[in-house]
Amino acid sequence: MTLKLHNTLTKKAELFQPLDPELVSIYSCGPTVYDHAHIGNLSAFITADTLRRVISANNYTVKHVMNFTDVDDKTIRRSRETYPDQEAMDALRTLTHTYGELFLEDMRAIGNDTDALEFIKAADDSTIEGMRQMITELHKAGFAYIADDGVYFSIDSYKKSGKTYGQLVEITDSNTSEQRIQNDEYDKDAAHDFALWKKQKPSEPAWEFILDGIDLTGRPGWHIECSVMSHQGLGRPFDIHTGGIDLAFPHHENEIAQSTAGQDDPTYARMFVHNEHVLVDGKKMSKSLGNFYTLQDLIDHQVDPLAFRLLVLQSHYRKPTSFSLANAEAARNRLANWRVAAALRHQTHDTIADDSEKKVSLRAAPHALLEALNDDLNTPQALMIIDRAFAELESTPLASIHRHSLSTLLDMIDSTLGLQLQSSTPDISDDQKQLILTRQRARDDKDWRTSDTLRDTLLDQGIVIRDTSHGPVWQYAY
RNA sequence: GGCGCCUUGGCCGAGUGGUUAGGCAACGGUCUGCAAAACCGUGUACACGGGUUCGAAUCCCGUAGGUGCCUCCA
């Protein structure tokens, strides 16, 4: 079993070989916690979660770090608007804590395992201290310079040290708006130089920072946050860096530059795995276009958050996903059908009447599923395998379905795809089972009135009875 | 302007030189105490124009349309 992943650094699918076979290291760019996440944001985390699940399914132990960007322009601006009476720092903490918690709720709702993640916050004291140290080192080594509004990273110095800027996205003269190098002491030297640290502006939260005897009290730049947090969480280099494709440039490119400037090892992360966007009407879902849905919007439209997860998994992570409520409904129906199959495990047995070779797809499915996922997370292929296996179940009498085979497949689905088919379909109560038996006896006696009444009773409890030629089968009503 | 990507049947969405992807929806039929389900059947799919090839949705060139990044963005 070998796992292949597409690496943005090489633009190719590569065999995944961890630096340390005992512990795979993954860093995922997390949310900026200034507002509710929209479902486009969430889709990136579904991809990251699925990636970790698949690596785990290959029997690796994984350390998966995700950051909270809880200090930047947007969090500061929003916190001042929302809590104008609080001190700047308190307002920032209040706002980011609130949305951080809401984010975690959304994560769990869409099936992402937050317990498997280690979260690091940019505004934590230890992170800030790490950033001060890193900036100080970069400055000492000549890769950073002090301007009147902050500290900048010099891409020119970086390139002169023999490193490559433009590993993820090709940087050409024509797509940089300006690349003249002027050694002004107090200005951003080149258009692409980016801020490592920004000096405090009036009524902004700030942390002390003295560099080269100059008081630079202020706050970190965006890119340095992730370099420091990944370093603190995973060391350097680490195995896989994930994020939305929009982060490839400049964010990840800049992370690479900061983290490898002056280092002997030119590697920051071995692989970058980037997911494509969720589209609405063919356009990227974004706050600025206003064409976004939050998870709550979906719930208001009766879309199960896990159906949204299935919708995301229905398309390959490196292809855009078209979102519409109609598509969400299709995913919801597909998930409902899968839950019907999952509920069958309570109605089957470990010993089966006939062990014919009919259930080929069911038995082969767990292995085929992992094989598909190991092929650069080919979730659409994986879903097809599941559909085939479940379709086979529907035409198979309960007595001929081996419970163990079904449970094995469900375990594989839930562990790799996180669809929670089993926890969403618990067994029915003994009373309810008795009702089904009583109803069946009434049917045998052709007492339709009693049997229909009992069927309605069960329906009121959310359970649907299907009378097959092999006897009654129950499922949850959706 | 620079660097990319995309265009598959009603909708979504895999495939990527020759063999039915799959889902959702729709229509017809069988079965059924009723209901539900199930089962069987039904769709002249690969943007357009050239080229390569025994053979192209798949490779090459061009055209059209769409879209992403280059500024905060998952």
Side-chain angles (χ1 to χ4, degrees), chain A residues 8 11 28-32 34 37-48 69 72-75 77 166 168-177 191-192 194 222 242-251 253 274-279 281-289 292 307 310-338 340 372 378-388 390-391 393-397 443 446-449 451-452 455-456 459 464-470 472-475 477:
Chain A
T8 311
K11 315 282 188 288
S28 294
C29 272
T32 302
Y34 73 108
H38 63 62
I39 59 173
N41 302 139
L42 295 176
S43 78
F45 305 122
I46 290 174
T47 299
T69 296
D72 79 324
D73 291 336
K74 285 180 297 196
T75 47
R77 191 187 329 118
L168 292 165
V169 173
E170 189 176 346
I171 309 293
T172 64
D173 285 356
S174 309
N175 68 4
T176 60
S177 48
H192 265 57
F194 52 90
W222 177 38
T242 80
I245 187 66
D246 53 326
L247 296 184
F249 189 88
H251 185 51
E253 195 67 54
H274 290 117
N275 61 279
E276 267 291 350
H277 297 299
V278 173
L279 308 182
D281 297 328
K283 288 196 168 58
K284 175 182 167 181
M285 187 181 294
S286 71
K287 291 259 161 77
S288 52
L289 279 176
F292 65 90
L310 183 58
L311 172 63
V312 170
L313 297 174
Q314 279 179 170
S315 62
H316 189 89
Y317 77 94
R318 287 195 293 108
K319 293 253 181 111
T321 299
S322 295
F323 180 84
S324 65
L325 288 173
N327 294 345
E329 189 186 332
R332 188 185 66 190
N333 290 341
R334 192 181 203 180
L335 182 62
N337 290 337
W338 286 13
V340 170
N378 193 341
T379 52
Q381 176 74 21
L383 303 198
M384 185 205 71
I385 289 161
I386 295 166
D387 276 316
R388 288 226 171 118
F390 284 172
L393 290 184
E394 283 166 357
S395 56
T396 307
R443 289 191 74 232
K446 298 202 190 307
D447 179 1
W448 310 126
R449 181 180 299 235
S451 75
D452 288 357
R455 184 168 64 196
D456 288 345
L459 186 58
V464 175
I465 302 297
R466 294 155 38 205
D467 293 315
T468 73
S469 56
H470 308 285
V473 176
W474 64 262
Q475 64 186 63

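Predicted model, so just to flag it, every value in this text is computed and none were measured. All chains are named by letter (A, B, ...) in the order of the sequence lines, taking the proteins before the strands, and each is independently numbered beginning at 1. The analysis underlying the following values was restricted to heavy atoms, covering all of them including side chains, and did not include hydrogens, waters or symmetry mates.
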For atom C1', what is the distance between U8(B) and A45(B), given to the nearest Å?
6 Å
Can you figure out which of C12(B), C69(B), G33(B) approaches the side chain of Asn327(A) most closely?
C12(B)
Interatomic distance where CG belongs to Asp467(A) and P belongs to A36(B) [whole Å]
12 Å
Across the strands shown, which category fits Lys287(A) at heavy-atom distances under 4.0 angstrom: base, sugar-phosphate, nothing?
nothing
Protein-nucleotide distance (Leu247(A), atom CG; C72(B), atom P), rounded to Å
11 Å
Nearest to the side chain of Pro250(A) - A14(B), A38(B), C72(B)?
C72(B)
Could you tell me the separation between the CG atom of Asn275(A) and the P atom of C69(B), rounded to a whole number of Å?
13 Å
Picking from G15(B), U67(B), C39(B), which would you name as closest to the side chain of Lys283(A)?
U67(B)
How is Val278(A) classified with respect to the nucleic acid when contacts are heavy atoms under 4.0 Å: base, sugar-phosphate, or nothing?
base
Compare the minimum distances between each of C3(B), G23(B), A74(B) and the side chain of Arg334(A), then state the nucleotide with the smallest one.
G23(B)
Look only at the side chain of Glu276(A) and the backbone of Tyr317(A), and say whether a donor-acceptor pair between them is shorter than 3.5 Å.
no
Provide the distance between the two P atoms, one in C46(B) and one in A26(B), to the nearest whole Å.
25 Å
By the 4.0 Å heavy-atom rule, please label Gly40(A) as base, sugar-phosphate, or nothing.
base
Of Met384(A) and Gly30(A), the one whose closest nucleotide on RNA chain B sits nearer the 5' end is Met384(A)
Using the 3.5 Å cut-off, write out each protein N or O paired with an N or O of nucleotides 17-19 of chain B and the distance between them.
none

Using a cut-off of strictly less than 4.0 Å, decide whether Lys284(A) has a side-chain nitrogen or oxygen near OP1 or OP2 of C69(B).
yes
Does the side-chain ring of Trp448(A) lie flat on the base of G33(B), meaning centres under 5.5 Å and planes less than 30 degrees apart?
yes
Distance, P atom - from G23(B) to C39(B), rounded to whole angstrom
11 Å
Provide, to the nearest angstrom, the distance between the CG atom belonging to Asn333(A) and the C1' atom belonging to A37(B).
15 Å
Geometric class of the Phe390(A)/Trp338(A) ring pair [parallel <30°, tilted 30-60°, perpendicular >60°]
perpendicular
Ranking A74(B), A14(B), G33(B) by distance to the side chain of Gln381(A), first place goes to A14(B)
Sidechain-backbone polar pair: Thr379(A) side chain, Ala382(A) backbone, donor-acceptor under 3.5 Å:
no
Say you pick atom C1' in A37(B) and the same atom in C69(B); how far apart are they, in whole Å?
49 Å
Side chain of Ser315(A) (C-beta onward), nearest among U71(B), A36(B), G13(B)
G13(B)
Quote, to the nearest angstrom, the P distance that separates C5(B) from G62(B).
14 Å
Is there a donor-acceptor contact under 3.5 Å linking the side chains of Asp72(A) and Thr69(A)?
no
For the side chain of Val464(A), counting heavy atoms from C-beta on, which of A36(B), C3(B), A74(B) is nearest?
A36(B)
Does Ser451(A) reach a base, just sugar-phosphate, or nothing at all? Heavy atoms under 4.0 Å.
base
Atom CZ of Arg388(A) and atom P of A21(B) are separated, to the nearest Å, by 10 Å
Interatomic spacing from NZ in Lys283(A) to NE2 in His277(A) - rounded to 0.5 Å
14.5 Å
Considering just the side-chain nitrogens and oxygens of Asn337(A), establish if one lies under 4.0 Å of OP1 or OP2 belonging to C24(B).
yes
Looking only at the side chain of Ala44(A) (C-beta and beyond, no hydrogens), which of the listed nucleotides A74(B), G33(B), C70(B) gets closest?
A74(B)
In which stems does RNA chain B show up, taking only runs of three or more Watson-Crick or G-U wobble pairs whose two distances fall under 3.5 Å?
B:1-7 with B:64-70, B:10-12 with B:22-24, B:26-30 with B:38-42, B:47-51 with B:59-63
Rounded to whole angstroms, how far apart are CZ on Arg318(A) and C1' on A74(B)?
17 Å
Taking only side-chain N and O atoms of Asn41(A), does any of them lie within less than 4.0 angstrom of OP1 or OP2 on A74(B)?
yes
When the C1' atoms of C72(B) and G10(B) are compared, how many Å lie between them, rounded to an integer?
38 Å
Regarding the side chain of Gln314(A), the nearest nucleotide among A35(B), G23(B), A74(B) is G23(B)
Reading RNA chain B from 5' onward, which residue's closest nucleotide shows up sooner: Ser286(A) or Asp387(A)?
Asp387(A)
Mind calculating the distance between CG (Asp72(A)) and C1' (U71(B)) to the nearest angstrom?
14 Å
Please state the C1' separation for the pair A57(B) and C48(B) - nearest whole angstrom.
14 Å
When the C1' atoms of C34(B) and C40(B) are considered, how many whole Å apart are they?
23 Å
Answer yes or no: does a side-chain N or O of Ser322(A) lie under 4.0 Å from OP1 or OP2 of G13(B)?
yes
Above 12 or not: heavy atoms from other molecules or residues under 6.0 Å from CG of Asp456(A)?
yes
Check whether the ring centres of His251(A) and Phe194(A) lie less than 6.0 Å apart, and answer yes or no.
no
Would you kindly give the CZ-to-P distance between Phe323(A) and C11(B), to the nearest whole Å?
18 Å
Rounded at 0.5 Å granularity, tell me how far OG in Ser451(A) sits from CG in Asp467(A).
8.0 Å
